[in-house]
Amino acid sequence: MADIWQDAMDHAVAIARRAGDVVREALLDDRMVMTKTSSVDLVTQTDQKVEKLIMQSVKDKFPTHRLIGEESVAAGEACDLSDAPTWIIDPIDGTTNFVHAFPFVAVSIGFSVNKQIEFGVVYSCLEDKMFTARRGKGAFCNGNVLQVSDQEDIRQSIIATEFGSSREPEAVNNIFSSLRSILCIPVHGVRTAGSAAINMCLVASGCVEAYYEIGIHVWDVAAASLIVSEAGGVLMDVDGGSVDLMSRRIVAANSRAIAERITEEIRSFSPPRDDAPPQH
Ligand SMILES: O=P([O-])([O-])O[C@@H]1[C@H](O)[C@H](O)[C@@H](O)[C@H](O)[C@H]1O
Ligand SMILES: [Mg+2]
Ligand SMILES: [Mg+2]
């Protein structure tokens with residue numbers, strides 16, 4: 001039977017590639033930096049330009065589909081995930097990397113129907129790696145099948161995480177407390193790529209055993225969550241329950257054993273949900 005979302009997925013791959021061209025060109029000149037929620041939460045005109053490009057192309061081709069985009073939400077749009085077909089877009093995941101030309105910068109496009117991710121596309125545009133997954137049909141990088149690592153011993157593992165965009169002492173203490181506990185299990189190493197989506201693609205590729213973060217948004221992880229699970233990995237909440245893509249908390253790992261071991265060490269907290277009503 002024909003796949004009813006194949007056309008949409010082909011479009012996502014094509015538009016992610018076009019968006020990647022814009023990002024690569026902009027790296028040569030346009031990197032005027034603005035800030036959002038804090039002095040280290042960065043945005044550029046390229047984030048906004050790429051989001052508009054992707055959104056307009058989806059509206060033209062799939063006028064009934066809904067859209068959630070990082071920069072539209074920052075501009076005041078609602079972040080409601082309904083059962084309708086919905087494109088979940090992070091135009092540049094790794095804006096800080098983009099600003100510094102640190103080479104992990106991704107365009108992330110997830111597509112959800114009935115609140116289930118049907119396909120995910122993460123284009124790591126400076127590495128020219130196109131990560132894709134279709135629900136039930138596996139995960140790929142540039143057409144090659146992805147498979148998570150088979151390491152089940154966290155002491156033989158590399159764990160990825162991020163430091164977030166708050167420099168408030170309490171938030172930093174929480175992050176370092178979890179990081180210290182995990183590092184001292186001990187693990188082989190801890191890495192931060194500077195892009196949630198790329199960290200998760202590294203899990204899917206078998207290069208790191210797990211990634212965790214509190215503070216991510218649905219657009220950071222929607223596409224990559226399917227890439228991880230289709231590569232044989234697991235997703236979990238930081239308290240060990242089922243993952244909720246709106247909760248801003250995630251553990252993505254190669255195995256349940258390593259995901260659970262990480263949840264034992266994390267000092268968890270709950271940032272305001274992505275779908276929380278706006279504060280007045
Ligand atoms: O702002 P952005 O560059 O799209 O996305 C951010 C990056 O993925 C970063 O690595 C992660 O630590 C943040 O939580 C994300 O919000
Ligand atoms: Mg992002
Ligand atoms: Mg972004």
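Count residues from 1 along the sequence. Side-chain atoms are counted along with the backbone in the values below, which use heavy atoms only and exclude waters and symmetry mates. Both ligands and their constituent atoms are indexed starting at 1 by order of listing.
Shown in contact with Ser195 at under 4.0 Å from a heavy atom are these atoms of ligand 1, numbered in order with element: 8 (O), 10 (O). Each of the following atoms of ligand 1 lies closer than 4.0 Å to a heavy atom of Ile92: 2 (P), 3 (O), 4 (O). Within the listing of ligand 1, atoms 10 (O), 12 (O) sit less than 4.0 angstrom from a heavy atom of Glu162. Below 4.0 Å from some heavy atom of Glu213 lie the following atoms of ligand 1, by number and element: 11 (C), 12 (O), 13 (C), 14 (O). Of all the atoms in ligand 1, the ones that sit under 4.0 Å from a non-hydrogen atom of Ile216 are 14 (O). Every atom of ligand 1 is numbered from 1 in the order shown, and the set under 4.0 Å from a heavy atom of Thr95 is 3 (O). Near Glu70, meaning under 4.0 Å from any of its heavy atoms, are these atoms of ligand 1: 1 (O), 4 (O). Listed by atom number, the atoms of ligand 1 under 4.0 Å from Gly194 heavy atoms are 7 (C), 9 (C), 10 (O).
The shortest heavy-atom contact between Leu126 and Phe102 is CD1-O, 4.2 Å. For the residue pair Leu245 and Ala222, the shortest heavy atom distance occurs at CD1-CA, 4.3 Å. Trp87 and Ile109 make their closest contact through CE3-CG2, 3.6 Å (heavy atoms, listed as atom of the first residue, atom of the second, distance).
Any N or O atom pair closer than 3.5 Å counts here, and His217 shares no such pair with ligand 1. Among the atoms of Thr96, none of the N or O lies under 3.5 angstrom from an N or O of ligand 1. Considering backbone and side-chain atoms together, Asp41 places no N or O closer than 3.5 Å to any N or O of ligand 1. Taking any N or O of Gly94, backbone or side chain, at least one lies under 3.5 Å from an N or O belonging to ligand 1. The N/O atoms of Ala197, backbone and side chain alike, include none that comes under 3.5 Å of an N/O atom in ligand 1. Distances between N or O atoms of Gly164 and those of ligand 1 include no value under 3.5 Å.
Using modelled atom types, one finds no donor on one side chain facing an acceptor on the other under 3.5 Å when comparing Ser38 with Asp41. Between the side chains of His11 and Ser57, at least one donor N or O lies within less than 3.5 Å of an accepting N or O. Looking at Asn254 and Gln151, their side chains never bring a donor and an acceptor atom within 3.5 Å of each other. Side-chain contact of Gln6 with Asp10: a donor-acceptor pair under 3.5 Å is present, judged by distance alone. A donor and an acceptor atom, one from each side chain of Ser247 and Arg273, are nowhere located under 3.5 Å apart.
Taking backbone and side-chain atoms together, Glu70 has an N/O/S atom less than 2.8 Å away from the Mg ion (ligand 3). At least one N/O/S atom of Ile92, from backbone or side chain, sits under 2.8 Å from the Mg ion (ligand 3).
Heavy atoms of Asn199 found under 4.0 angstrom from ligand 1: none, in either backbone or side chain. Only the side chain of Asp90 comes within contact range of ligand 1, with a heavy atom under 4.0 Å; no backbone atom does.
In this structure, the ring of Trp5 has its center less than 6.0 angstrom from the ring center of Phe111.
The pair Arg24-Asp21 meets the salt-bridge criterion, with a side-chain N (NZ, NE, NH1 or NH2) lying under 4.0 Å from an Asp/Glu carboxylate O. Between Glu118 and Lys137 there is no salt bridge, since none of the side-chain N atoms of the basic residue sits less than 4.0 Å from a carboxylate O of the acidic one. The existence of a salt bridge linking Arg261 and Glu209 is excluded, since no basic side-chain nitrogen approaches an acidic carboxylate oxygen closer than 4.0 Å. A salt bridge is absent between Asp153 and Arg155; no separation between the charged side-chain nitrogens and carboxylate oxygens falls under 4.0 Å. Between Asp80 and Arg66, no side-chain nitrogen of the basic residue sits less than 4.0 Å from a carboxylate oxygen of the acidic one, so the salt-bridge criterion is not met.
No other N/O/S atom of Asp90 lies as close to the Mg ion (ligand 2) as OD2 does. The nearest N/O/S atom of Asp93 to the Mg ion (ligand 2) is OD1. Taking the N/O/S atoms of Asp220 in turn, the shortest distance to the Mg ion (ligand 2) belongs to OD1.
Considering only non-hydrogen protein atoms, atom 5 (O) of ligand 1 sits nearest to Asp93 OD1, 2.9 Å. When hydrogens are left out, the protein atom nearest atom 16 (O) of ligand 1 is Asp220 OD2, 3.2 Å; that is the closest non-hydrogen contact.
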